[in-house]
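I have placed the structure first, in the form of structure tokens, so that the comments after it can refer back to it.
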Amino acid sequence: MIKYTTVVLFIVAFGFNISEPLHGQNREREVPLNRVLIIFDASNSMYGYWQSDRKITIARNLLVRLVDSLKNVDNVELALRVYGHLKYYPPQDCDDTKLEVPFAPSNTERIKDKLKSIVPKGTTPIARSLEAAVNDFPPCDNCRNIIVLITDGIEECDGDPCAVSRQLQKSGIILKPFIIGIGRDFKADFDCVGKYFDASSEHLFRQALNVVISQALNSTTAQVNLLDDYNRALETNVAMTLYDHFSGEVKYNFIHTLNSYGVPDTIVIDPLTIYDIEVHTIPPVRKDSVKLLAGKHNVIPIPTPQGFLDLRVGGTNHLYKDLLCIVKQPGIETILHVQPFNAKEKYLTGLYNLEILTLPRIVLDAIEIKQNHTTEIVIPVPGLARISYPARGFGNLFWKNGNTLINIYRLNENATSESIVLQPGEYSIVFRAKYAPRTYHTIYKSFTIDSGKSTNVQIK
């Protein structure tokens, strides 16, 4: 099983500018090994003439140039798979595909020798070759797997390259392919497979292949602009996760940073992945299907306007220990966040409903969070009810809301006294001792709680 790898598929028909390979996210991680698998079309149609010579001759020459250009590039290994070269057509043999030169350091001469000996013979099993190529990459902990498929035609067997590509992308084995069509326009046939480049001449092919190789191996930078309500890239210090759009695999995790110039920091990331970016604000913000221009500096704007919510207890009373507040979005029952008191927390601008877990609970609806503003919620200092019972028994504590009694606490039936922290207000206790067998033995007791004061409540 390949760990921490990406397989990048390039379907090309026949240059090359190589710069430093892409560095990983973490400084301590080694630069990944770029493994380039060349899948070469040796079907009988490659004997046909195209531009200055036969297709097979042009393809060999260009591949030799490709192999030579990669020979001295650090962190690159090559392999060669060929199809259509083992069996003559007719009859058609859709299993005519073979890994001729496996991955190994310094194997460029072997690949060039094998290319010189290939004779076009058979058919064009593109889908079958792509499926087989998955097993050409040995297990690796830190590799980028790149497929370059050189073809002069479309699928000629029963395979479906589009279906294969979609499945491999979803499973995280390959990324969205690049296609370069030689000789004629194959756009209609390959749009479903990946990004198509038309190469109707040798010159255009060389240009297109330069772009493809550059995107495969060149470093690409990006900055994520977290925008406030005024469209300024000033939001920062929040975690971000970049997912592979097709497989859902986590590719990178960053804490967003502004550099010394107050500009979002530059990150180096793989340009061949389409990303879904989740910014872990409260609530989180997601931007899907983010595509990068390889070898360029990419700016990714994401609106994340934020302000602060500050929860405090008035005065200096310290009766509350670990008081919490449930935060929800209006109209959504799912809890968004649980915020402790005496702490500030950032939220996206907008309205929020609060439920403070006091006794009784304090409910505040439509609390507004504004850009760069601190919304301060201060609740009253509580009081303390010291309650004693004549015996163990059954009872409830009620908060008087006008003429309505609201049950807020069930008394401890195994205790003869307890202390309860309460918000200021009017309260009642309804109690019956365990030994009292009749309903009319029920005791009703009212009392008042004042801020910062203790109240003794004796049930008799």
Side-chain angles (χ1 to χ4, degrees), residues 25 221-243 245 250-269 275-292 297-315 320 322-358 361-380:
Q25 173 192 357
T221 60
Q223 70 181 61
V224 179
N225 286 358
L226 301 182
L227 305 177
D228 64 13
D229 269 333
Y230 307 104
N231 210 38
R232 302 173 301 184
L234 298 180
E235 300 291 357
T236 191
N237 298 330
V238 60
M240 304 182 297
T241 300
L242 280 67
Y243 299 91
H245 174 73
V250 174
K251 305 300 292 185
Y252 302 95
N253 281 299
F254 298 105
I255 298 294
H256 189 276
T257 308
L258 295 180
N259 63 25
S260 58
Y261 299 98
V263 176
D265 207 8
T266 295
I267 55 178
V268 179
I269 57 179
Y275 295 101
D276 295 336
I277 302 177
E278 184 167 4
V279 183
H280 298 286
T281 50
I282 305 176
V285 176
R286 194 175 178 97
K287 186 168 186 174
D288 290 345
S289 302
V290 176
K291 301 177 182 179
L292 304 180
H297 182 67
N298 298 260
V299 177
I300 306 169
I302 304 178
T304 57
Q306 297 173 82
F308 286 95
L309 176 63
D310 185 8
L311 302 177
R312 295 189 294 108
V313 180
Y320 283 131
D322 303 319
L323 180 61
L324 300 174
C325 175
I326 294 173
V327 181
K328 296 181 179 181
Q329 294 173 278
I332 301 176
E333 283 304 311
T334 303
I335 294 175
L336 173 65
H337 188 58
V338 177
Q339 179 175 338
F341 259 68
N342 300 315
K344 291 171 65 174
E345 185 66 82
K346 261 189 168 184
Y347 295 84
L348 295 183
T349 57
L351 300 178
Y352 297 89
N353 295 340
L354 310 182
E355 185 176 357
I356 303 170
L357 302 183
T358 53
R361 295 193 178 189
I362 299 173
V363 176
L364 303 172
D365 290 337
I367 299 300
E368 185 176 11
I369 302 298
K370 301 178 181 179
Q371 179 69 59
N372 296 334
H373 175 77
T374 298
T375 298
E376 193 175 81
I377 302 296
V378 181
I379 66 171

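The figures here come from the full heavy-atom set of this structure, side chains too, leaving out hydrogens, waters and symmetry mates.
Using a 4.5 Å cut-off on side-chain heavy atoms (C-beta onward), Ile282 and Glu345 make contact. Residues Leu242 and Ile269 form a side-chain contact, since some pair of their non-hydrogen atoms from C-beta on lies under 4.5 Å apart. Val279 is listed as a side-chain neighbour of Val238, based on a closest heavy-atom distance under 4.5 Å. The shortest distance between side-chain heavy atoms of Leu348 and Pro283 falls below 4.5 Å. With contacts defined as side-chain heavy-atom distances shorter than 4.5 Å, the pair Thr241/His280 qualifies. Counting heavy atoms from C-beta outward, Ile326 and Leu336 have side chains that stay 4.5 Å or more apart. Ile267 is not listed as a side-chain neighbour of Gln223, based on a closest heavy-atom distance of 4.5 Å or more. Asp265 has its side chain out of reach of Leu258: every pair of non-hydrogen atoms, C-beta onward, lies at least 4.5 Å apart.
Rounding to the nearest 0.5 Å gives a distance of 10.0 Å between CG of Asn237 and CG of Leu226. In this structure, NZ in Lys287 is found 6.0 Å from CD1 in Ile302, a value given to the nearest 0.5 Å. Distance CZ/Phe254 to CD1/Ile277: 9.5 Å, rounded to 0.5 Å. The line from CD1 of Ile379 to OG1 of Thr358 is 5.5 Å long, rounded to the nearest 0.5 Å. Put simply, CG on Leu323 and CZ on Phe341 are 5.0 Å apart, with the number rounded to the nearest 0.5 Å. Summarising the geometry, atom NE2 belonging to His245 is positioned 13.5 Å from atom OH belonging to Tyr275; distances are rounded to the nearest 0.5 Å.
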What verdict does the side chain to side chain contact (heavy atoms under 4.5 Å, CB included) test give for Tyr243 and Lys251, after you've listed the backbone C-alpha separation in whole Å, the side-chain angles of each residue and the deciding distance to 0.1 Å? CA-CA 5 Å; Tyr243 299 91; Lys251 305 300 292 185; 5.9 Å; no
Test side chain to side chain contact (heavy atoms under 4.5 Å, CB included) applied to Gln306 and Thr281, step by step: CA-CA 8 Å; Gln306 297 173 82; Thr281 50; 3.7 Å; yes
Derivation and outcome, side chain to side chain contact (heavy atoms under 4.5 Å, CB included), residues Tyr230 and Gln371: CA-CA 9 Å; Tyr230 307 104; Gln371 179 69 59; 3.8 Å; yes
Trace of the side chain to side chain contact (heavy atoms under 4.5 Å, CB included) decision for Leu354 with Ile377: CA-CA 10 Å; Leu354 310 182; Ile377 302 296; 4.1 Å; yes
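Between Pro380 and Val313, the shortest heavy-atom distance links the atoms O-CG1, 3.9 Å. Among all heavy-atom pairs drawn from Asp310 and Ala343, the shortest one is OD1-O, 3.8 Å. Here the closest non-hydrogen pair linking Asp228 and Glu235 is CB-OE2, 3.8 Å. The two residues Pro264 and Val224 have their closest heavy-atom pair at CB-O, 3.5 Å. Closest approach of Pro301 to Leu227, counting heavy atoms only: CB-CD1, 3.9 Å. Of all the heavy atoms in Leu311 and Pro340, the pair that sits closest is CD1-O, 4.2 Å.
When atom types are taken as modelled, the side chain of Thr257 and the backbone of Ile255 share a donor-acceptor pair closer than 3.5 angstrom. For the pair Asn259 (side chain) and Tyr261 (backbone), a donor-acceptor distance under 3.5 Å is present. Looking at Thr375, its side chain never comes within 3.5 Å of a backbone N or O of Leu309 through a donor-acceptor pair. Judged purely by atom type and a 3.5 angstrom limit, Thr236 uses its side chain to pair as donor or acceptor with the backbone of His256.
Applying the salt bridge (Lys or Arg N to Asp or Glu O under 4.0 Å) criterion to Glu376, with sequence neighbours excluded, gives Arg312. Every residue two or more places apart in sequence or in another chain that forms a salt bridge (Lys or Arg N to Asp or Glu O under 4.0 Å) with Arg286 is listed here: Asp276, Glu278, Asp288.
Under 3.5 Å, the side chains of Glu355 and Asn353 contain no donor-acceptor pair of N or O atoms. For the residue pair Gln329/Tyr347, the side-chain donor-acceptor check at 3.5 Å is not satisfied.
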